[in-house]
Each structure stands twice: as C-alpha cells, then as structure tokens.
Visitor: 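Structure in structure tokens, see below.
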Amino acid sequence: MKPIQVGLLGIGTVGRGTFEVLKRNQEEIKRRAGRGIEIAMVADLDTERAKAIVGSQVQVVNDAKAIIVNPEIDIVVELIGGYGIAKELVMSAIDAGKHVVTANKALIAVHGTEIFAAAHKKGVMICFEAAVAGGIPIIKALREGLTANRIEWIAGIINGTTNFILSEMRDKGLPFDVVLKQAQELGYAEADPTFDIEGVDAAHKATILSAIAFGIPVQFNKAYVEGISKLQAQDIRYAEQLGYRIKLLGIAKRVNTAASGAKEIDGVEGVELRVHPCLVPSKRLIANVEGAMNAVMIQADAVGTTLYYGKGAGSEPTASAVIADLVDVTRLMTADPLNRVPHLAFQPDSMSDLAILPMDSVRTSYYLRLVVADETGVLAKITGILAETDISIDAVLQRPGSESKQETDLIILTHSCLEAHMNKALTKIQSLKSVLAPIVRIRKEDLS
Ligand code: HSE
C-alpha cells in the first residue's frame with residue numbers, strides 16, 4: 001500500500017526530529033502502523049535550511065498553502081506555533097479534508113472548541129499529543145488508558161523551563177534573575193521567556209488536560225495563571241526546612257463543595273483550573289522531578305494515583321509524540337469518524353457544562369512569610385486575624401530577619417481554607433503597622 005503522505009508546516013527543532021526519527025525507525029513504524037509514513041512536502045520560510053535537512057527526495061516550498069491544497073497529502077503537521085497564521089492554516093487544512101497533527105498548545109487551549117467543531121463536521125482528526133508534556137504520552141493515557149475512571153484531579157510539572165529554574169534556585173541558592181540568565185545561556189529559556197516564567201505555557205497545557213479529564217470545553221481564558229518570576233530564594237529555603245519543595249504546578253481538579261465547611265461555597269460544583277507555584281511535600285515523587293523534566297500526577301477513582309514522567313520538550317522527545325499521532329491517524333483514517341477516539345475523550349454530544357470556578361472559591365492550604373517587627377504581641381495579632389477569618393494554623397516558624405535585628409521572618413503554614421478568606425485575612429494583616437514588607441503567599445498542595 002502507498003505510504004501515508006505527510007506535509008510538514010515548519011521544520012524547526014521538532015520538525016527536524018520528526019523527519020529524522022521517521023527515517024531512522026521507518027521499518028518499526030511501518031510494522032506498527034500497517035503502512036509506511038512518509039514526509040512528502042515541507043513548507044518553511046527558510047527553504048535552504050529545510051532542503052539541507054530533508055534532502056532532494058522531499059519537496060520544499062515556502063508557501064504552506066501549497067501543502068494544504070495538494071490532494072496527495074493525507075496529514076498536515078502544524079509545527080509553526082502561536083495563534084495567528086497557525087490557526088488559519090489548521091482551519092484551511094480541515095476545510096481541505098486533511099487530518100492535522102499539531103504540537104501547538106496555545107492554539108488548542110485557546111481555539112480548540114472551534115477547531116474540534118470544524119474537524120467533527122468534516123470527519124477529520126486533530127491530534128495534539130505533542131502539545132502537552134512533549135514526549136510523555138499523557139493525552140493517550142488520559143483519553144484512553146484511564147477511560148474507565150472518574151478523574152478527580154491532575155497536578156503536573158508541565159513546563160521544563162520553570163522547573164529547571166526552580167531546581168537551580170534550590171540547588172545553588174541563587175536568585176531568580178541570575179538563574180533565568182543562565183537558563184537563557186544554556187538554551188533552556190527563550191530570549192523572551194514570558195510565556196514560560198509567567199505560567200502561560202503551563203496554563204495552555206493544564207487547560208487541555210482539564211478538558212480531556214472532565215469532558216469540558218477548553219477554557220484557557222478562565223484559568224488562574226501565576227508564574228515564578230516573583231519567587232524568592234529564601235522561600236525555597238524555608239520551604240525545604242519545613243519539608244517541602246516549590247514547584248510550578250498546573251492543577252485541574254473536580255470539586256464538589258457540598259461538605260466544604262465554608263458556607264460561601266456550599267453546594268458549588270465545578271473545576272479548579274490553576275497554575276501557580278506550589279509547596280509540595282518533599283517526600284512525593286513529583287517533588288523530586290528536577291531540571292527540565294516534566295511529570296504529571298493523576299488521581300482517579302478506580303486506579304488511584306498514577307504518575308507520568310519524561311522529557312517535556314526537545315527535538316526527538318516531541319517528535320516521538322508527533323509520530324505517535326501520525327501512526328494513530330494512519331491506523332484510524334479509514335474507520336468511521338464516529339467510532340474514533342473523541343478529541344476530548346468524551347463524545348461531543350456528551351460534554352459537561354461543569355464551570356471553571358473563580359479563584360476565590362478554591363480551597364487550598366498556604367505558606368505565608370511575613371517580615372514583622374520583633375516586638376511583643378505581633379504574633380498574637382496575626383493569629384487573631386487568621387482565627388477570625390476561619391483560617392487554622394498548621395505550623396509556625398520564626399527566623400531572624402536578614403537585614404535588621406529588629407525584624408524577624410515569620411513563616412506560617414495554614415490548614416486548607418478558602419482563597420476568599422485568605423485574601424481577606426491578608427489585607428487585614430498587611431495593614432498592621434508591625435508588618436514591614438509585602439506578605440509572601442504561596443499555595444500548598446499535599447497531593448495525597
Ligand atoms: N517551553 C516549554 C517548556 C516547552 O519549557 O516546557 C514546550 O512546551
């Protein structure tokens with residue numbers, strides 16, 4: 001049978017990996033897919049560089065539309081990134097009846113609903129394994145491997161750049177800015193690192209995971225997003241002394257607050273979708289995921305806890321996910337579209353309208369660090385405010401302040417409470433005269 005004909009839109013790092021792995025493992029891949037898979041065309045603005053990678057057997061063009069209109073092409077692989085031209089090309093490819101494989105998390109997280117609807121109408125597949133956690137087959141695991149389960153929550157280290165920075169800050173005791181610069185020099189962080197360090201990249205991925213886990217539409221605009229750029233090395237140190245590590249987690253959690261104990265949210269049902277730095281007990285496996293590695297932890301009712309670990313970026317790890325999608329499409333393209341695995345794991349007419357909860361309704365525990373005047377009664381005032389706002393203290397640590405003998409660092413760990421209550425308490429505590437600097441607040445997840 002004629003090999004499946006693939007057109008690559010963009011041949012950067014991932015495109016090159018895809019080309020090379022397909023070539024190197026072509027026999028194995030063919031035995032699995034039942035047919036050869038061949039890159040027949042590549043579109044890239046830098047045609048010379050593209051030709052140097054793929055050689056003379058592959059047609060190289062500088063206009064992506066030439067691939068989309070070519071009736072010989074079965075699958076279009078979009079590796080351009082971003083929401084602009086990539087969206088236009090993906091929509092045109094669907095319109096032209098092509099199956100699409102993409103590594104573009106931003107595109108899926110923001111425009112997924114429109115893209116999946118168009119694909120459903122046209123009977124084509126949109127595959128995006130490479131969009132979340134690179135080489136870890138997490139979409140496959142959630143959508144197929146765990147299909148018997150009711151998913152309770154997902155917590156993932158899904159951005160390698162920030163995990164590398166946090167690991168270095170902890171290992172070497174260095175400040176964020178210094179480590180970021182090193183990460184850029186080493187090629188772990190981009191020249192403009194905003195999407196990574198401010199949590200946007202992780203939120204794109206968490207949004208996709210939430211949709212597949214709970215059968216809800218992708219709703220990136222409702223995600224709470226907080227990055228690591230304001231994190232201070234001393235908080236990483238204090239967390240460690242208390243038995244925790246700080247990780248940037250993407251969290252998607254199904255909640256039913258009928259028995260929450262907080263009257264404001266009694267009876268609320270929904271999904272928490274949030275990305276922020278988080279204290280995680282050092283003894284958890286996920287807390288020990290270091291450097292640029294990714295890991296995703298899933299809590300599900302039948303299987304319990306599972307953990308998926310691997311490289312979340314890079315040429316061949318991401319190519320591994322792209323090619324797995326190519327094999328899936330090859331195997332399923334002749335199947336009745338209604339019998340394929342649904343894009344978001346649940347049948348399109350069985351999607352849930354569970355709402356993404358506002359951050360005020362989230363319940364979690366907290367690490368607080370306050371720089372306070374070292375004088376009688378300060379602690380009592382602070383704990384008094386926490387008590388009147390319904391916040392119970394788990395542990396308190398006092399350490400000499402770094403700059404003055406009259407100051408002290410007060411570290412408080414709380415039990416789980418409502419974010420709205422914590423905001424109220426922090427406003428009051430911050431206004432105390434004896435609180436000398438902005439309060440540091442980092443959420444804490446026990447992941448048990
Ligand atoms: N920039 C991402 C990361 C890789 O640092 O994990 C691709 O998603």
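When a ligand or atom number is given, it counts from 1 through the structure's own listing order. Treat the numbers as computed from the prediction; the structure is a model and nothing was measured.
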Visitor: Are a donor atom and an acceptor atom from the side chains of Arg441 and Asn423 found within less than 3.5 Å of each other?
Guide: yes
Visitor: Name the closest protein heavy atom to atom 5 (O) of ligand 1, giving the residue it belongs to and the distance to 0.1 Å.
Guide: Thr161 OG1, 2.5 Å
Visitor: Mind checking whether Ala313 has an N or O less than 3.5 Å away from an N or O of ligand 1?
Guide: no
Visitor: May I ask you to check if ligand 1 and Lys205 share an N or O to N or O distance below 3.5 Å?
Guide: yes
Visitor: Here's a test for you: under salt bridge (charged side-chain N to carboxylate O under 4.0 Å, His left out), which of Arg284, Arg245, Arg274 qualifies with Glu445?
Guide: Arg274
Visitor: If you count the atoms of ligand 1 from 1 in the order shown, which ones are under 4.0 Å from a heavy atom of Gly160?
Guide: 3 (C), 5 (O), 6 (O)
Visitor: Counting non-hydrogen protein atoms only, what is the nearest one to atom 1 (N) of ligand 1? Give residue, atom name and distance.
Guide: Asp196 OD1, 3.0 Å
Visitor: Only one of Lys444, Glu419, His415 clears side chain to side chain donor-acceptor pair (under 3.5 Å) with Tyr366; which?
Guide: Glu419
Visitor: Could you point out which residue of Leu146, Val218, Ile154, Leu142 forms a side-chain contact (heavy atoms from CB on, under 4.5 Å) with Ile212?
Guide: Leu142
Visitor: Assess, by modelled atom type and distance only, whether the side chains of Glu240 and Ser282 contain a donor and an acceptor separated by less than 3.5 Å.
Guide: no
Visitor: Within the structure, is a non-hydrogen atom of Lys105 found at a distance of less than 4.0 Å from ligand 1?
Guide: yes
Visitor: Numbering the atoms of ligand 1 from 1, which are under 4.0 Å from a heavy atom of Asp201?
Guide: 2 (C), 8 (O)
Visitor: Among Arg143, Arg32, Lys140, find the one that has a salt bridge (charged side-chain N to carboxylate O under 4.0 Å, His left out) with Asp328.
Guide: Lys140
